[in-house]
Amino acid sequence: MDNKSIAGILYETADLMEIDGADSFRIRSYRNAAEAIEAHPQQISDLIGNDKQLLAISGIGKGMLQNLKEMLGEGRLKLHAELLTKYRPSMLQLLKVQGLGPKTIALIWSAYQVSDLEGVESLAREGKIRILPRMGEKHETKLLKAIEDYRRIAGRFLIDVAEKQAEKIADHLRHYPGVEKATPAGSLRRGRETVGDLDILVTGPACCDDTERQKLIDHIIKLPGLMEIIARGENKISFRMRGDMQVDVRLLAPDSFGSAMQYFTGSKAHNVAL
DNA sequence: TGGCCAATACTG
DNA sequence: CAGTAT
DNA sequence: GCCA
């Protein structure tokens, strides 16, 4: 279990504790510890047993040390598992909706046993949020708008983040002999504020026959930071990068590169119109 | 043992 | 205006 | 929960 995973569990536990109505300062401690672990240069798993070193990390004390031992020892945190049984995982997503906090989520849960985005949206539309204590028309309206906003940006990445990622990948591709061009298409090329996934078009001699294409794809999957291959075909490979960004790389013969660029830059609506 | 972030929006 | 949630 |  790496530091990122440990921190993740701690963050999640904090969120769940919040819904559970736990002491806010204790919750903060969980978040502080998570941050400290995330930023720590060495792997916590390598330091287990060395209490001195662990306690030396600011934000890690007696109690958190026990939590770490439990996580690394049993592979799970009891508190985390219990809270997950008591509540619903979908509540963690709900927490990401601006203006929707733990108290309100718990309130909605207690009143309607609803814990997901869809359900809360329906309740709001039906005017069932405003009748809850402490809620009102303002809250309900604002909630609807917030859900809309959330849906619009969820699972998308800011343009500059996407650009850097795309540039790294394109560089990696261009280092391969037989690749002439590697260019991002899609919403990134259209300059949208956010990007859902990357679409990168490649062309050159290496794209021209089957064996060459396979060799090129073999090179592509060595890309640093590549986490999972989603699909691997003749002319296209899809994978997920560290950070969860999905990437499609398409190999194109030089004579179809132009039209492909046109097509994959979109937008879909634009293509339909054409 | 006691303190741990402040400002804002909304409800009652 | 005070209390509460974000 | 952690820290002074």
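Both backbone and side-chain heavy atoms feed into the values below; hydrogens, waters and symmetry mates do not.
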Report task. Output the single nucleotide from D:dG1, B:dC10, C:dT6 whose closest atom is nearest the side chain of A:P102. Result -> C:dT6

Report task. Could you tell me whether A:I27 contacts a base, only the sugar-phosphate backbone, or nothing, with contacts defined as non-hydrogen atoms closer than 4.0 Å? Result -> nothing

Requested in this report: Nearest whole angstrom, please: distance from the C1' of C:dT6 to the CZ of A:R134.
Outcome: 10 Å

**Report entry** Phosphate OP1/OP2 of B:dC10: any A:K142 side-chain N/O under 4.0 Å
**Finding:** yes

Query raised in the report: Just by distance, with hydrogens left out, do A:R232 and A:Q214 show a side-chain donor and acceptor under 3.5 Å apart?
Result: yes

Requested in this report: Mind telling me whether A:H219 and A:H172 have parallel, tilted or perpendicular rings, with 30° and 60° as the class edges?
Outcome: parallel

Query raised in the report: Among C:dA5, B:dC10, D:dC2, which is the nearest nucleotide to the side chain of A:S29?
Result: D:dC2

**Report entry** Distance, C1' atom - from C:dT4 to B:dA6, rounded to whole angstrom
**Finding:** 15 Å

Query raised in the report: Do A:D149 and A:R151 sit within salt-bridge range, that is, some charged N less than 4.0 Å from a carboxylate O?
Result: no

Query raised in the report: What integer distance in Å separates A:L54:CG from D:dG1:C1'?
Result: 15 Å

Query raised in the report: Atom CD of A:Q98 to atom C1' of B:dC10: distance rounded to whole Å?
Result: 17 Å

**Report entry** Selected nucleotide, minimal atom distance to A:T104 side chain, candidates D:dG1, C:dT6, B:dT11
**Finding:** C:dT6

Report summary line: Looking only at D:dG1, C:dT6, B:dC4, the nucleotide nearest the A:L79 side chain is D:dG1

Report task. Could you measure between the two P atoms, the one in B:dC5 and the one in D:dA4, and give it in whole Å? Result -> 14 Å

Query raised in the report: Within this structure, what is the CZ-to-C1' distance between A:R26 and D:dG1, rounded to whole angstrom?
Result: 7 Å

Report task. Would you mind reading off the distance between A:F25 atom CZ and B:dG2 atom P, rounded to a whole angstrom? Result -> 14 Å

Query raised in the report: Within this structure, what is the CG-to-P distance between A:L100 and C:dT4, rounded to whole angstrom?
Result: 20 Å

Report task. Look at A:S58 and D:dC2 and indicate whether a side-chain polar atom (N or O) is within less than 4.0 Å of OP1 or OP2. Result -> no

Query - Value in whole Å for how far the P atom of C:dT4 lies from CG of A:L107 - result: 14 Å

Requested in this report: Name the nucleic acid region contacted by A:I57, choosing base, sugar-phosphate or nothing; use a 4.0 angstrom heavy-atom cut-off, strictly under.
Outcome: sugar-phosphate

Requested in this report: Indicate yes or no for a side-chain donor-acceptor contact from A:N3 to the backbone of A:Q42 under 3.5 Å, with no hydrogens or angles considered.
Outcome: yes

Query raised in the report: How close or far is atom C1' of C:dT6 from atom CG of A:L143, stated in whole angstroms?
Result: 13 Å

Report task. Taking the six-membered ring of A:Y11 (Phe, Tyr or Trp), confirm whether the NZ or CZ of A:R31 is under 6.0 Å from its centre and within 45° of its axis. Result -> no

Query raised in the report: Contact class for A:E137 (heavy atom, under 4.0 Å): base, sugar-phosphate, or nothing?
Result: sugar-phosphate

